[in-house]
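The structure under discussion appears below in the form of structure tokens.
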2 protein chains.
Amino acid sequence: MKNECLNCACVMKSMQALKSCQLEQLESNHAIVQFQKGDPIIKQGMFSTNVVFLKRGLVKIHIAGPYHEQIVRLAKAPTYLGLPTTIGDKINQYSVTAVQDSEVCFIDLNIFKRVLEENKDFSSYIILELCKSELESYRRCANRTQKQTRGNLADVLLDLSENVFESTEFVLPISQSDLGNLVDASRESVNRLLSELMNDGIIRMEGRKIEILNKYSLQLISQNG
Amino acid sequence: MKNECLNCACVMKSMQALKSCQLEQLESNHAIVQFQKGDPIIKQGMFSTNVVFLKRGLVKIHIAGPYHEQIVRLAKAPTYLGLPTTIGDKINQYSVTAVQDSEVCFIDLNIFKRVLEENKDFSSYIILELCKSELESYRRCANRTQKQTRGNLADVLLDLSENVFESTEFVLPISQSDLGNLVDASRESVNRLLSELMNDGIIRMEGRKIEILNKYSLQLISQNG
DNA sequence: TCGAAAAAGTGATACATATCACAAAATATT
DNA sequence: AATATTTTGTGATATGTATCACTTTTTCGA
């Protein structure tokens, strides 16, 4: 009987493979669940007792701000989800929702913590990831607040193209309203700015299908106001 | 010969005391340095090879945004400084500057990492801190971007009063210009809003000395626009 | 397949806040 | 003590974006 965890990125990403006894602990205390586009995976305000690992798919990480929902970022598989909110607080401090059909592995928090304690390399890896992720969150926040919407929108389009879909042509995984929540703007502003980008021949849009025609212009817009 | 680290909050904060051999490792690989108000402690863009622990004083953590410097937050002793930027990247991704005379302990990163690996409780503690800090940074970002300046300014004043100085009367540790960098507003706006708070009898100001006259009003302003 | 709900498109208007341009005050610096 | 530099105070103006109010289109569920 082969151990399912053995080839899972959850483990692979931690450079040093876990010992087989640790693998077994994970194996017997995890659950793999399928989620459909739109399904909530982690819900802010609920108890969290599981570490969540995204095996396949794309999700949005979002938090209830003082006035509206803010999308912190999109995350694509393979990656841990909600490590901070699972370890940092018994109650989820943010939500995670599938924006594409996704496959998720739930790992019992206590087991995860035990493996973390038993395996130095694994815990070093997790500490490193947490540090990087916090750095990233500082940078994101500085950009969001200082750039104006046009620049942030350009950033999102570039990120989707380069990192998420790795193509100049892709289908927007979220609504314009959510795009607004991701760049701290209203749905209407996003719409107007997208139209503008179309009129300027920088992108082509048909429904949610987007093609980036002029990446260089987008980069300029991202950098300047 | 007593070990200086023994009673330092750097160690104390990690619930379980370190073993004496670990204490000795820290003892022989740390350096305590005094900083004056205005002195840079960590500089963005420079190599980082030390974990930094703030023993005494008050600092600002700031990052160069696309257009101007942004103050991520103020941090008061005792606390680790720049764990994410020290562990997460060889090059500092943000700066830390003393805003009051401060005392800082530099610990060699390799030693720190070794102790981290050798002591489960310590590494659990650090992981927990990192998670909490990331949660906090999400929350802060959502507030900053969604609230308008008046509310953010009220937040800062409340935070200074309640958490930093623990008094309704205190001396502003930073300039109005920096206050602007902390609430994502221009120096002029901050100035006008402070005047407004004075005229409304919510605070009293004489130079940088501030007294909060009506905490409840400030809380209201923090919550509403 | 039809009706309802959600998403997208677009004009008019309002407003918070940036920016510019100075003057006055307070702090450093030599 | 004298001078330079930083900080603060305040008006006038410009502008990016939110908000409101509607229509059209697309998507979804019964």
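Naming convention: chains lettered A, B, ... in sequence-line order (proteins, then strands); numbering from 1 in each chain.
In this structure, B:Gln176 places its CD atom 15 Å from P of C:dA25, rounding to the nearest Å. For the pair A:Lys37 NZ and C:dA6 C1', the computed distance is 12 Å after rounding to whole Å. Protein atom CG of B:Asn152 is 13 Å distant from nucleotide atom C1' of C:dA16, rounded to whole Å. Rounding to whole angstrom units, CZ of residue B:Arg208 and C1' of C:dT27 are separated by 10 Å. Atom CD1 of A:Ile174 and atom C1' of C:dA7 are 13 Å apart (whole Å). Rounded to whole angstrom, the span from the NZ atom of B:Lys147 across to the P atom of C:dA16 amounts to 17 Å. C:dA8 atom C1' lies 12 Å from atom CG of A:Leu179, rounded to whole Å. Between the CZ atom of A:Arg187 and the P atom of C:dT10 there is a distance of 11 Å, rounded to whole Å.
B:Ser189 contributes no side-chain N or O that, together with a main-chain N or O of B:Ala185, makes up a donor-acceptor pair within less than 3.5 Å. Between the side chain of A:Ser167 and the backbone N or O of A:Glu169, at least one donor-acceptor pair lies under 3.5 Å.
For residues 189-201 of chain B, proximity to DNA chain C is found at B:Ser189, B:Arg192, defined as any non-hydrogen atom under 4.0 angstrom from a strand atom.
OP1 or OP2 of C:dA7 has not a single side-chain nitrogen or oxygen of A:Ser177 nearer than 4.0 Å.
Taking 4.0 Å as the cut-off between side-chain N and carboxylate O, B:Lys215 and B:Glu162 count as a salt-bridged pair. One finds no salt bridge joining A:Lys132 and B:Asp89 here, because no Lys/Arg side-chain nitrogen approaches an Asp/Glu carboxylate oxygen to under 4.0 Å.
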A:Gln34 vs A:Ser102, side chain to side chain donor-acceptor pair (under 3.5 Å): CA-CA, chis, key distance, verdict: CA-CA 6 Å; A:Gln34 310 291 325; A:Ser102 298; over 6 Å; no

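Within the nucleic acid shown, A:Ser175 comes within 4.0 Å of sugar-phosphate atoms alone, with no base atom in reach, counting heavy atoms only. Residue-level contact check: B:Asp178 touches neither bases nor backbone, having no heavy atom under 4.0 Å from any strand.
Residue pairs meeting the salt bridge (Lys or Arg N to Asp or Glu O under 4.0 Å) criterion with at least one partner in residues 36-56 of chain A, sequence neighbours excluded, do not occur; the list is empty. Pairs passing the salt bridge (Lys or Arg N to Asp or Glu O under 4.0 Å) check and including a residue from residues 179-193 of chain A, sequence neighbours excluded, read A:Arg144-A:Asp184.
Between B:Asp155 and the options B:Arg139, B:Arg140, B:Lys147, B:Arg150, a salt bridge (Lys or Arg N to Asp or Glu O under 4.0 Å) holds for only B:Lys147.
Under the 3.5 Å distance criterion, with hydrogens and angles disregarded, a donor-acceptor pair is assigned to the side chains of B:Ser137 and A:Ser137.
Taking the screw axis at each terminus of the helix from C:dT1-D:dA30 to C:dT30-D:dA1 from five consecutive base pairs, the angle between the two is 60° to within rounding of 10 degrees.
Reading DNA chain D from its 5' end, the first and the last nucleotide to sit under 4.0 Å from a heavy atom of chain B are D:dT7 to D:dA12.
B:Arg204 meets the salt bridge (Lys or Arg N to Asp or Glu O under 4.0 Å) test with B:Glu206, B:Glu211; sequence neighbours excluded.
Residue B:Met205 qualifies as enclosed at atom CE: its count of foreign heavy atoms under 6.0 Å is above 12.
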